[in-house]
Amino acid sequence: MNVHGKPYRTIWISPQDSRVVQIIDQRVLPYQFVILDLTTVDDVAHAIKDMTVRGAGLIGATAGYGMYIAALHAPRHSRDAFLEALRADGEKLKITRPTAVNLAWAVERQLAAIATGSDVEDMIDTALRTANEIADEDAEFCRRIGEHGLALIEDISRRKPGEPVNILTHCNAGWLAFVDYGSATAPIYAAHNQGIDVHVWVDETRPRNQGARLTAWELGQHGVPHTVIADNAGGHLMQHGLVDLVIVGSDRTTYTGDVANKIGTYLKALAARDNHIPFYAALPSSTIDWQMRDGVAEIPIEERDAAEVSQIAGLHNGEIFTVQLTPEDSAAANYGFDVTPARLVTGIITERGICEASETGVLSLYPEKKSAP
Ligand code: MRU
């Protein structure tokens, strides 16, 4: 997508040095646009853990490039030592963030691909090729999600000629959360590009404000009309006919259709159900967990530093400041995600099409997974 009119992805190999991976520092958006270099596995682990990069698809792509960096630095004296070092680095990356399943998926995909290499040089080449494949596939799958989701928006637009289609989204499942296009935003960009009048309600998404900072910024860069709202406003807007459709992303979706997404998503789904508003989750298949049946019981929910709740950052006189929000001695808790049960999800938009949020629905799009549990 474009930043100040110039096309960017969220991660790429440096054109100057193929041993360096470059990313956009999402901690300082929208105030500053900063590009950072990653050259070691520790750089990659920190970038994922401290959310310099974030969002399920991008976390997966970053882990893919992280395994390439691991291959560049692994001992070369024996094949076993090389692969052993890669496995250890893979474990280091996997524990950085627990909820997004794309992370483990990308590490495992890399380990399986690298092991097919004939010698160390070939294994390093394979790691780079696979990292690029993971990134390209993520972008392409999101593009296709846009094509499939567009039909939903077109349908609503036809039913209310001359009026905007109002779409509510939570957190940032935009291109910043992937390699390009985004999942929840891809249908929105596709509709906007087709000249359909769309307007997006952007949940601010406390505590880290990915909606207010990131989704609002990227929609603005693309010229999509949007309004940032407090997280608690959605129910009121839905009661008053101001929301036609909810589209969210997902960090992990069970093959039975339970959707883990940023904390607060479940409450939007409840409000949508009460107001008969369609609620869709948009996600590439790399986000589907083919092992887990019961999302509420089984999906690990990341708990982050309570300071993300008790403090808040923003821009003042051109500088980013963090200020204390709560009484110093009040405890704070920071649950990162919640799980929306399949029964509240109208449908899942994937790169292969739209399906019912159920085991039958998901497997109808991915019949090759039918042997999974
Ligand atoms: O904690 P984050 O920012 O990595 O969380 C991810 C998200 O932005 C959302 O949960 C998103 O809607 C799904 S990830 C594409």
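Keep in mind that this is a model prediction, so the values were computed, not measured. Both ligands and their constituent atoms are indexed starting at 1 by order of listing. Throughout, residue positions are numbered sequentially from 1 according to the sequence presented.
What sits closest to atom 12 (O) of ligand 1 on the protein, heavy atoms only, is Asn261 OD1, 2.6 Å. Ranking protein heavy atoms by distance to atom 8 (O) of ligand 1, first place goes to Arg54 NH2, 2.5 Å.
At distances below 3.5 Å, at least one donor-acceptor pair connects side-chain atoms of Asp244 with backbone N or O atoms of Asn166.
Of all the atoms in ligand 1, the ones that sit under 4.0 Å from a non-hydrogen atom of Arg97 are 1 (O), 2 (P), 4 (O). The distance from ligand 1 to the heavy atoms of Phe178 drops below 4.0 Å at these ligand atoms: 15 (C). Of all atoms in ligand 1, listed by their number and element, those nearer than 4.0 Å to a heavy atom of Phe337 are 1 (O), 5 (O), 10 (O). Within ligand 1, the atoms closer than 4.0 Å to a non-hydrogen atom of Cys171 are 7 (C), 8 (O), 9 (C), 12 (O), numbered from 1 in the order shown. Taking every non-hydrogen atom of Lys262 and a distance limit under 4.0 Å, the qualifying atoms of ligand 1 come out as 1 (O), 2 (P), 5 (O), 9 (C), 10 (O). Residue contact check: Asn172 has heavy atoms under 4.0 Å from atoms 7 (C), 8 (O), 11 (C) of ligand 1. The contact set between ligand 1 and Ala56, taken as ligand atoms under 4.0 Å from a residue heavy atom, comprises 14 (S), 15 (C). Close contacts between ligand 1 and Met51 involve ligand atoms 1 (O), 2 (P), 3 (O) [criterion: under 4.0 Å to a heavy atom].
Between the side chains of Thr215 and Gln210, no donor N or O sits under 3.5 Å from an acceptor N or O.
To the nearest 0.5 angstrom, Asp251 atom CG is 10.0 Å from Leu283 atom CG. Distance check, rounded to the nearest 0.5 Å: NE2 of His226 to CG of Leu219 gives 6.0 Å. Atoms CD1 and CZ, on Ile263 and Arg208 in that order, are 15.0 Å from each other to the nearest 0.5 Å.
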Please step through salt bridge (charged side-chain N to carboxylate O under 4.0 Å, His left out) for the pair Asp180 and Arg143, ending with a clear verdict. CA-CA 8 Å; Asp180 212 344; Arg143 193 189 65 74; over 6 Å; no
Quick one: do Arg9 and Asp136 satisfy salt bridge (charged side-chain N to carboxylate O under 4.0 Å, His left out)? Show the steps, please. CA-CA 10 Å; Arg9 281 185 165 189; Asp136 289 348; 2.7 Å; yes
Dump the intermediate steps for ring-ring contact (aromatic ring centres under 6.0 Å, His included) on Phe33 and Tyr8, then the final yes or no. CA-CA 12 Å; Phe33 185 73; Tyr8 279 91; 5.1 Å; yes
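Evaluated by nearest non-hydrogen atom to atom 6 (C) of ligand 1, the leading choice among Val259, Asp251, Asp338 is Asp251.
For Gln210, every heavy-atom contact with ligand 1 shorter than 4.0 Å involves the side chain, none the backbone. For Arg208, no heavy-atom contact with ligand 1 is shorter than 4.0 Å.
Every N/O-N/O distance between Ser250 and ligand 1 stays at or above 3.5 Å.
Outside the 6.0 Å centre-distance limit, the rings of Tyr189 and Trp175 are not counted as a close aromatic pair. Note: Tyr31 and Phe321 fail the aromatic proximity criterion, with ring centroids not under 6.0 Å apart.
The shell of residues lying under 4.0 angstrom from ligand 1, judged by heavy atoms, excludes Gly336.
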